[in-house]
Amino acid sequence: MDAVIDAHNISKVYNPDTIPVYAVNNVHLHLNRGDFAALVGPSGSGKTTLLNIIGGLDIPSDGWVEINGVNITGLPPNRLIDFRLHNIGFVFQAFNLIPVLTARENVEFIMLLQKRPKKEREARVRELLTAVGLEDKMDIRPAQLSGGQQQRVAVARALASKPQFVLADEPTANLDSQSATALLDIMEKLNREAGMTFLFSTHDRRVIDRARRVSTLVDGRVTKDEPGTTPSTTA
Amino acid sequence: MLFIIAWRNLWRNRTRSVLIASSVALGMWAGLFIMAIYFGMGDSRLRIAIDNEHSHIQIHHPRFADDFEAQYSLPFDSLNRILQQKPEVKAFSLRSLTTGMVATASGSQGIQVNGINPGAEQATRGLAAFVTEGEYLDTERRHPVLVSTKLAEKMKLKTGGKVVLTLLDTASNMTSGAFRICGLYRTTNAPMDELNVFVQKDDLDQLIGTSGRLHEAAVLLHRDDALDPVFHRLQRQWKGYRIERWQEISPETALVLSSLDTYSIIFIAIILVALSFGIINTMLMAVLERTPEIGVLMAVGMNRWRVFRMVVWETVLLAVTGAPAGLLAAWITVAWLHHTGIDLGGIMGDTLRNFGYASIIYPILPWHNVLQTMELVLLTAAIAAMFPAFKALRLKPVEAIRK
């Protein structure tokens, strides 16, 4: 299979010189293109830390992460930012849209950072916002959108850069049931139809039920790595 | 897009931004207004120095200025003829000068006696306009003398009264003559008033023996910018004479004028430094409030240079938003006061006159100084942006998002 994420022996230790606390402890994770996977576990188990390390937002104390064969752990900060821009999409629990930009601008902004031509940007913004069902809310700012709609814009933003995969940190945690279901439908559709790889950190049963692969973290260690309700595409 | 984000961010906390923009506007107004007063005073001093005191150029015998002795004189006819031929020359006055003394029952006072042609003197420095009582020297009376109100008060002199002037002639002998006070004058330069009395040139020439001669030629030009070319031509023409521009005759005026730019920049800089603390504080608050947002921007791929630029843009916009309002307010204030003038006589009495300044100030705002001030505002904003921008740069996305 075509590996997108390869996390090798990842550890993250806080206070290494005094009382070491392992947020993540010697974790291996391997995701292939087209995976729809979930990292699950109780609060404080290290899901978000691991997700941040895979996304290049945090540096592991030990181990390294390869994205598409590129070891991102040793990249200098500016190259790492650039790498994230072109390869990784993020969806955050608190949506984290830029409040002064409209839905359209929030999505377009990423492509502007990538210096894509105007025509391409406009077409892709329309395509993505239509895909998440917000074609009629393009010129509305986040504050005027519901939580579910904001998270859909966040998904469109994450996909705008045509990333290798999307990391979604508790994407449904702040959503009502209906919005969460709608959001998961969209992401699942994008995964099935466009082959987009998704990795979630979640405790949400609805997400876990749809994941085709579920890795369970307890105290920073992967205790279980198994197919979800649908067969996993990875070994 | 960075510009749009910066601009919209500016108005997220409208009250705070309006307050800071207002401070910038107020500071700008105050700075420009004080600058305009400075320049107004400077311009007034320049006009007084040229139009009422020294003219653009003065010509003397090389030794006259050192010793002030009547024997060091220049030929009247040749100077008169040549100056008449200069198209740049608006008017000129050929004067006989000597030192002397005026004595009355109230005491005595050393003076400089100016022998003038009333018409030429009027054309050169508008002396008649300063006569406050009695008549100017173009009178039918015999041996008229024009004295200042200040000297008249001190020596208890009155219009129509007689006064004896004791003078030094060309051989440095004492000579005296009786003059009738035809009028009193009062210029904007009190110290000069106290020293100078004016008589007709012919009267003085007879007393000190300088007929057909002169001690000082004061030359007024049509335009200030013709000064240097005319000066250099006269220098080439009359190599043996002492030819000086107003800057050399009145170096203190030249110094004051040359330092106006510096003073005004220092003044504006002080205001802007004070303002910059307000700007820094506001922008630090903004960065602090938006830490998670900046973290997300960095997470999704906005590099540090762009984050830096976004904060700088926002700071510059914050400063620049207030600046036009301040500029407009200053322009309106200055335009109005330039028309009406600011009479400082009531507050400062004769203090300004004692330093050779008019008591009514007409503020002036030269455009190049306005542009310079705008540049300083931009520079201040850019400098003020550095601290908050570096603060934003140091953020780590993963920590910033959590805040």
Side-chain angles (χ1 to χ4, degrees), chain A residues 12 23 48-60 76-102 104-116 118 121 141-143 154 157-161 163 166-167 169, chain B residues 1-18 282-283 285-318 321 389-403:
Chain A
K12 181 74 182 178
T48 299
T49 306
L50 182 58
L51 213 66
N52 287 337
I53 290 170
I54 291 169
L57 297 178
D58 206 352
I59 300 164
N78 264 339
R79 279 198 58 199
L80 191 56
I81 290 175
D82 202 48
F83 188 88
R84 284 201 299 265
L85 173 64
H86 290 94
N87 295 282
I88 308 171
F90 290 92
V91 178
F92 302 97
Q93 180 179 338
F95 326 135
N96 292 102
L97 298 174
I98 303 169
V100 293
L101 298 182
T102 61
R104 176 203 302 274
E105 289 165 340
N106 262 288
V107 178
E108 190 184 3
F109 179 63
I110 302 297
M111 289 182 279
L112 266 169
L113 294 178
Q114 290 180 317
K115 296 180 181 154
R116 299 262 190 89
K118 191 166 193 262
R121 291 199 313 261
R141 289 198 189 178
R157 178 180 69 179
L159 296 169
S161 63
V166 173
L167 297 176
D169 187 11
Chain B
M1 188 73 92
L2 278 185
F3 180 84
I4 292 171
I5 295 176
W7 175 251
R8 291 183 188 167
N9 275 337
L10 202 63
W11 303 109
R12 282 166 79 169
N13 193 327
R14 203 173 290 264
T15 312
R16 192 168 64 193
S17 295
V18 166
T282 302
M283 287 311 298
M285 290 285 287
V287 167
L288 206 69
E289 282 169 3
R290 297 209 298 272
T291 296
E293 203 174 304
I294 294 169
V296 168
L297 287 172
M298 291 166 102
V300 299
M302 190 158 161
N303 64 32
R304 285 162 197 273
W305 169 232
R306 284 187 169 122
V307 171
F308 185 84
R309 264 166 47 204
M310 184 182 74
V311 177
V312 171
W313 261 123
E314 202 172 321
T315 316
V316 169
L317 284 172
L318 184 65
T321 304
F390 278 115
K391 194 99 181 155
L393 275 191
R394 281 203 297 269
L395 293 174
K396 289 180 180 160
V398 70
E399 290 166 8
I401 293 168
R402 275 196 216 122
K403 283 186 180 167

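Residue numbers start from 1 in every chain, and the chains themselves are labelled A, B, ... in the order their sequence lines are given, proteins ahead of strands.
- Atom CG of A/Leu112 has more than 12 heavy atoms from other residues, nucleotides or ligands within 6.0 Å.
- Atoms CD1 and CZ, on B/Ile5 and B/Arg309 in that order, are 11.0 Å from each other to the nearest 0.5 Å.
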Verdict with supporting geometry, A/Ile81 and A/Asn78, side chain to side chain contact (heavy atoms under 4.5 Å, CB included): CA-CA 5 Å; A/Ile81 290 175; A/Asn78 264 339; 4.0 Å; yes
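- Taking both residues in full, the closest heavy atoms of B/Leu2 and B/Met302 are given as CD2-CE, 3.2 Å, listed atom of the first, atom of the second, then distance.
- Scanning residues 85-95 of chain A against chain B with a 4.5 Å heavy-atom cutoff picks out A/Leu85, A/Phe90, A/Phe92, ordered by number.
- Within the 3.5 Å criterion, the main-chain N or O of B/Met283 finds no donor-acceptor partner in the side chain of B/Glu314.
- Along residues 104-111 of chain A, the residues that come nearer than 4.5 angstrom to chain B, judged on non-hydrogen atoms, are A/Glu105, A/Glu108, A/Phe109, A/Ile110 in order of number.
- Paired with A/Leu51 under the rule side-chain contact (heavy atoms from CB on, under 4.5 Å), one option of A/Asp58, A/Leu167, A/Leu57 passes, and it is A/Leu167.
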Verdict with reasoning, B/Asn13 to B/Met285, per side chain to side chain contact (heavy atoms under 4.5 Å, CB included): CA-CA 11 Å; B/Asn13 193 327; B/Met285 290 285 287; over 6 Å; no
Stepwise side chain to side chain contact (heavy atoms under 4.5 Å, CB included) test for B/Asn303 and A/Asp82: CA-CA 7 Å; B/Asn303 64 32; A/Asp82 202 48; 5.8 Å; no
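- Panel note: side chain A/Arg84, backbone B/Ala299; a donor-acceptor pair is recorded below 3.5 Å.
- Aromatic ring orientation, B/Trp7 versus B/Trp11: perpendicular (interplanar angle above 60°, classes split at 30° and 60°).
- In this structure, A/Arg116 contributes its side chain and A/Ser161 its backbone to a donor-acceptor pair below 3.5 Å.
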B/Phe3 and B/Leu317: CA distance, side-chain angles, deciding distance, side chain to side chain contact (heavy atoms under 4.5 Å, CB included) verdict: CA-CA 9 Å; B/Phe3 180 84; B/Leu317 284 172; 3.8 Å; yes
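- Looking at every heavy atom in both residues, A/Thr102 comes nearest to B/Arg8 through N-NH1, 4.3 Å.
- Separating the CD1 atom in A/Ile59 from the CG atom in A/Asn52 is a distance of 11.5 Å, to the nearest 0.5 Å.
- Residues of residues 389-399 of chain B that come within less than 4.5 angstrom of chain A, heavy atom to heavy atom, are B/Pro397, B/Val398 in numerical order.
- Within residues 286-296 of chain B, the residues having any heavy atom under 4.5 Å from a heavy atom of chain A are, by residue number, B/Glu293, B/Val296.
- Proximity to chain A involves both the backbone and the side chain of B/Arg304, based on heavy atoms less than 4.5 angstrom apart.
- Separating the NZ atom in A/Lys12 from the CG atom in A/Leu50 is a distance of 12.0 Å, to the nearest 0.5 Å.
- Within 6.0 Å of CZ on A/Arg79 lie no more than 12 heavy atoms contributed by other residues, nucleotides or ligands.
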